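What follows is a single structure, written as structure tokens, with notes after it.
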Amino acid sequence: MTAIASEASDSDTPLRAIFKINLNGKTVSIGTVGQAYRFITNLSSIEWIEFRALHADAVATLQRAAGNAILTVQATNALRALFVRAKLL
């Protein structure tokens with residue numbers, strides 16, 4: 001795992017919204033950069049293939065937001081776009 005990915009995965013930087021996603025009958029709450037990064041990177045890349053561009057954008061913005069809290073608005077927007085398109089919200 002690269003240093004950037006590790007930083008993003010461990011980040012406690014709050015997002016501008018808390019996403020509540022129903023997954024396999026359970027509600028998953030995502031409220032930090034680290035939670036979001038782990039959620040979208042732990043799933044197999046094949047599961048995100050249909051949303052490749054949105055997924056890549058969300059991963060990149062989360063990595064940047066882990067190091068710069070000012071970018072959490074962009075990260076939140078990128079996640080929202082991905083989750084809406086994937087019909088998770």
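Note that the structure is predicted; figures quoted are calculated from it, not measured.
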Taking side chain as C-beta onward, heavy atoms only, is [X] less than 4.5 Å from [Y]?
X: L15; Y: N77; answer: no
X: N68; Y: R64; answer: no
X: Q35; Y: F19; answer: no
X: F83; Y: I40; answer: yes
X: V28; Y: N22; answer: no
X: W48; Y: L82; answer: yes
X: T32; Y: T13; answer: no
X: Y37; Y: D10; answer: no

Between atom [atom1] of [X] and atom [atom2] of [Y], what is the distance when rounded to the nearest 0.5 Å?
X: L23; Y: L88; atom1: CG; atom2: CG; result: 7.0 Å
X: L54; Y: R85; atom1: CG; atom2: CZ; result: 7.5 Å
X: S11; Y: Q63; atom1: OG; atom2: CD; result: 11.5 Å
X: L89; Y: I21; atom1: CG; atom2: CD1; result: 5.5 Å

Where at least one partner belongs to residues 58-81, residue pairs that pass ring-ring contact (aromatic ring centres under 6.0 Å, His included), sequence neighbours excluded =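 Found none.
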Among pairs that include at least one residue of residues 60-82, which meet ring-ring contact (aromatic ring centres under 6.0 Å, His included), considering only residues two or more places apart or in two chains?
->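 ring-ring contact (aromatic ring centres under 6.0 Å, His included) check on residues 60-82 returns no pairs.
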